[in-house]
Amino acid sequence: PESHAASFALLAYASAWLKRHQPACFLAGLLNAQPMGFYPPSQLVQDGQRHGVEVRPPDVMASDWDCTLEAAGQPAVRLGLRLVAGLSEASAVRIVQARGAAPFASTEDLALRACLDGQDVRALAAADALLSLSGHRRQQVWDASALHAAPALLREAPVDEDLLELPAAAEGEEVLFDYAATGLTLRTHPVGLLRGELAGRGLSTAEQLRDAPTGRLVRACGLVTVRQQPSTATGTVFVSLEDETGTVNVIVWRRVREQFRAPLLAARLLEVRGTWQSEGGVRHLVAGYLADLSPMLGGLGVASRDFR
């Protein structure tokens with residue numbers, strides 16, 4: 001037990017040192033260790049960006065399977081192909097090996113040399129990982145859908161067709177696809193896209209609440225990233241809300257939990273009204289009212305991590 005305690009203390013110290021002095025390395029390590037802990041990749045990336053880490057999207061011309069560091073002065077994190085939903089590690093390895101022999105000339109060249117099937121290429125297009133080869137996501141999806149398995153005799157033969165140029169999607173649509181394909185976005189945070197309407201409802205950002213005085217009645221809103229109900233908390237639920245500026249930690253006492261059970265358990269986008277508490281650097285919002293604003297997100301596919 002003593003040796004275990006010492007090991008955990010050393011690990012905690014090492015993690016804190018890395019986060020402070022080498023945040024890009026720390027972030028890449030956490031992303032490669034997923035799934036783990038309370039925090040999903042989206043929240044880790046948001047936190048890393050707020051601490052000055054440049055995060056670059058997955059791209060078949062640059063990404064490995066794991067997230068890696070790209071040196072250009074201050075190291076940046078290149079997201080790995082492991083984040084692309086529907087893409088196997090074996091396919092990613094073939095992509096990296098084929099790219100090592102020579103850069104890809106086109107999406108078709110990628111598919112032929114890395115032996116990718118239609119599902120692989122569509123998964124990459126959905127994740128915006130073909131940007132270097134096909135341009136914006138709509139063009140990527142079109143190019144991917146045009147690829148079909150050829151008979152064995154013609155498998156190495158390229159097919160030349162006239163290029164159909166499609167208009168790029170609006171940012172809101174891009175964000176929806178980002179979350180569906182990788183679980184995160186490097187574009188505007190979804191709550192940021194709604195900020196005008198949320199501000200009209202009197203809802204503050206995490207940054208605006210940071211310096212609010214203790215005891216003030218406040219209103220906040222964010223994506224529900226974590227719900228936790230420890231067995232020792234006598235029915236209290238702890239909720240983390242994420243917006244474009246940071247995270248708000250919410251305490252929901254048992255009485256409020258029972259009164260607003262439906263929004264508490266089901267909301268993807270949650271409005272909270274309550275009392276702000278700040279003491280010794282610890283800040284949280286004690287909830288008195290909850291509302292489910294999830295319809296504002298449309299089809300955005302976000303899910304919380306729930307612990308009991």
ask   = In Å, rounded to the nearest 0.5 Å, how long is the span from OG1 of Thr234 to CD of Gln229?
value = 9.5 Å

remark   = Closest heavy-atom pair, Pro103 versus Arg113, reported as atoms and distance to 0.1 Å, is O-NH1, 3.3 Å

Residue pair Asp120, Ser91: steps toward the side chain to side chain donor-acceptor pair (under 3.5 Å) verdict = CA-CA 7 Å; Asp120 291 329; Ser91 296; 3.2 Å; yes

key: Within one Ile-Leu-Val-Met-Phe-Trp-Tyr cluster: Leu264 and Tyr289, side-chain cutoff 4.5 Å   = yes

query = Should Leu44 and Leu69 be regarded as members of a common hydrophobic cluster, given that ILVMFWY residues are connected when their side-chain heavy atoms come within less than 4.5 Å of each other, either directly or indirectly?
reply = yes

query = Can you find a heavy atom in the side chain of Arg216 that is under 4.5 Å from one in the side chain of Leu209?
reply = no

task = Before accepting this row, confirm whether a basic side-chain N of the pair Arg78/Asp64 lies closer than 4.0 Å to the acidic partner's carboxylate O.
result = no

key: Test log, rule side chain to side chain contact (heavy atoms under 4.5 Å, CB included), inputs Ser278 and Thr214   = CA-CA 5 Å; Ser278 177; Thr214 294; 3.7 Å; yes

task = Would you name the heavy atoms of Ala111 and Val121 that are closest together and state the gap between them?
result = CB-CG2, 4.0 Å

task = Compare every heavy atom of Cys221 with every heavy atom of Val191, then report the nearest pair and how far apart it is.
result = CG1-O, 4.4 Å

Non-hydrogen atoms of Thr185 and Tyr179 that approach each other most closely = CG2-CE1, 3.5 Å

inquiry  = I'd like to know whether Leu194 forms a side chain to side chain contact (heavy atoms under 4.5 Å, CB included) with Leu297, so could you lay out the CA-CA distance, the side-chain angles of the two residues, the decisive distance to 0.1 Å, and finally the verdict.
reply    = CA-CA 8 Å; Leu194 301 172; Leu297 295 175; 4.0 Å; yes

task = For residues 82-93, pull every pair meeting salt bridge (Lys or Arg N to Asp or Glu O under 4.0 Å), keeping only residues two or more places apart or in separate chains.
result = Asp66-Arg82

query = Does the distance from a Lys or Arg side-chain N to an Asp or Glu carboxylate O, for Arg187 and Asp128, drop under 4.0 Å?
reply = yes

task = Give a yes or no answer on whether the side chain of Asp47 reaches the backbone of Gln43 with a donor-acceptor pair at less than 3.5 Å.
result = no

query = Do Leu223 and Pro190 touch side chain to side chain, with heavy atoms closer than 4.5 Å?
reply = yes

query = Is a donor on one side and an acceptor on the other found under 3.5 Å between the side chain of Gln140 and the backbone of Gly135?
reply = yes

note = Here the pair of heavy atoms bringing Pro295 nearest to Asp292 is CD-O, 4.1 Å

request  = Please test Val248 against Trp276 for side chain to side chain contact (heavy atoms under 4.5 Å, CB included), starting from the C-alpha separation and ending with a verdict.
outcome  = CA-CA 10 Å; Val248 175; Trp276 185 251; 4.1 Å; yes

request  = Taking Ser134 for its side chain and Leu131 for its backbone only, find out whether a donor-acceptor pair lies under 3.5 Å.
outcome  = no

task = Keeping the roles fixed (side chain from Glu271, backbone from Ala291), state whether a donor-acceptor pair exists under 3.5 Å.
result = no

inquiry  = Pair Val175, Leu193 - check side chain to side chain contact (heavy atoms under 4.5 Å, CB included), show working.
reply    = CA-CA 10 Å; Val175 170; Leu193 294 174; 4.0 Å; yes

query = Looking only at atom types and distance, does a side-chain atom of Thr275 sit under 3.5 Å from a main-chain N or O of Gly215, one as donor and one as acceptor?
reply = no

ask   = Nearest 0.5 Å, what's the CD-CG distance between Glu54 and Leu186?
value = 10.0 Å

Shared hydrophobic cluster for Val84 and Val96 (ILVMFWY, side-chain gaps under 4.5 Å) = no

inquiry  = Ignoring hydrogens and geometry beyond distance, is a side-chain donor-acceptor pair present between His189 and Glu242 at under 3.5 Å?
reply    = yes

inquiry  = Would you say that Leu83 contacts Pro58 through its side chain, given a criterion of any heavy-atom pair below 4.5 Å between the two side chains?
reply    = no

task = Step through the shown structure and confirm whether more than 12 heavy atoms of other residues, nucleotides or ligands are within 6.0 Å of CZ on Arg254.
result = no

request  = Decide yes or no for Leu241 and Leu269: does some side-chain heavy atom of the first lie under 4.5 Å from some side-chain heavy atom of the second?
outcome  = no

request  = Working to the nearest 0.5 Å, report the span between CZ of Arg283 and CZ of Arg210.
outcome  = 6.5 Å

query = Just by distance, do the side chain of Arg268 and the backbone of Val224 share a donor-acceptor pair under 3.5 Å?
reply = no

Heavy-atom closest contact (Gly183 atom, Ser42 atom, distance) = O-CB, 3.4 Å

request  = Determine whether Leu116 and Arg94 make a side-chain contact, defined as any pair of heavy atoms from C-beta on separated by less than 4.5 Å.
outcome  = yes

message = Less than 4.5 Å apart, side chain to side chain, heavy atoms only: is that true for Leu110 and Met61?
response = no

query = In Å, rounded to the nearest 0.5 Å, how long is the span from OG1 of Thr182 to CG of Leu79?
reply = 7.5 Å

task = Please say whether more than 12 non-hydrogen atoms of neighbouring residues, nucleotides or ligands are located less than 6.0 Å from CZ in Phe177.
result = no

query = Is the shortest heavy-atom distance from the side chain of Leu270 to the side chain of Leu293 under 4.5 Å?
reply = no

query = Is Arg99 reaching over with its side chain to a backbone N or O of Val60, donor-acceptor style, under 3.5 angstrom?
reply = yes

ask   = Sub-3.5 Å donor-acceptor pair from the side chain of Ser294 to the main-chain atoms of Ala267, do we have one?
value = no

message = Please report the interatomic distance NE2(His136) to CG(Leu130), rounded to the nearest 0.5 Å.
response = 13.0 Å

query = Checking side chain to side chain donor-acceptor pair (under 3.5 Å) for the pair Ser132/Asp59: CA distance, chi angles, key distance, verdict?
reply = CA-CA 7 Å; Ser132 299; Asp59 193 302; 2.7 Å; yes

query = Within the distance-only criterion (no hydrogens, no angle test), does the side chain of Arg137 pair as donor or acceptor with the backbone N or O of Ala126 below 3.5 angstrom?
reply = yes

ask   = For Arg195 and Glu197, what are the C-alpha separation, side-chain angles and deciding distance, and is it a salt bridge (charged side-chain N to carboxylate O under 4.0 Å, His left out)?
value = CA-CA 5 Å; Arg195 180 50 56 192; Glu197 186 172 351; over 6 Å; no

Heavy-atom side-chain proximity of Arg138 to Glu173 below 4.5 angstrom = yes

request  = Go through the structure and list residues passing salt bridge (charged side-chain N to carboxylate O under 4.0 Å, His left out) with Glu171, not counting sequence neighbours.
outcome  = none

query = Is the backbone of Ala206 close enough, under 3.5 Å, to the side chain of Thr245 for a donor and an acceptor to pair up by distance?
reply = yes

request  = To the nearest 0.5 angstrom, please state how far the CG atom of Leu124 sits from the CG atom of Leu81.
outcome  = 6.5 Å

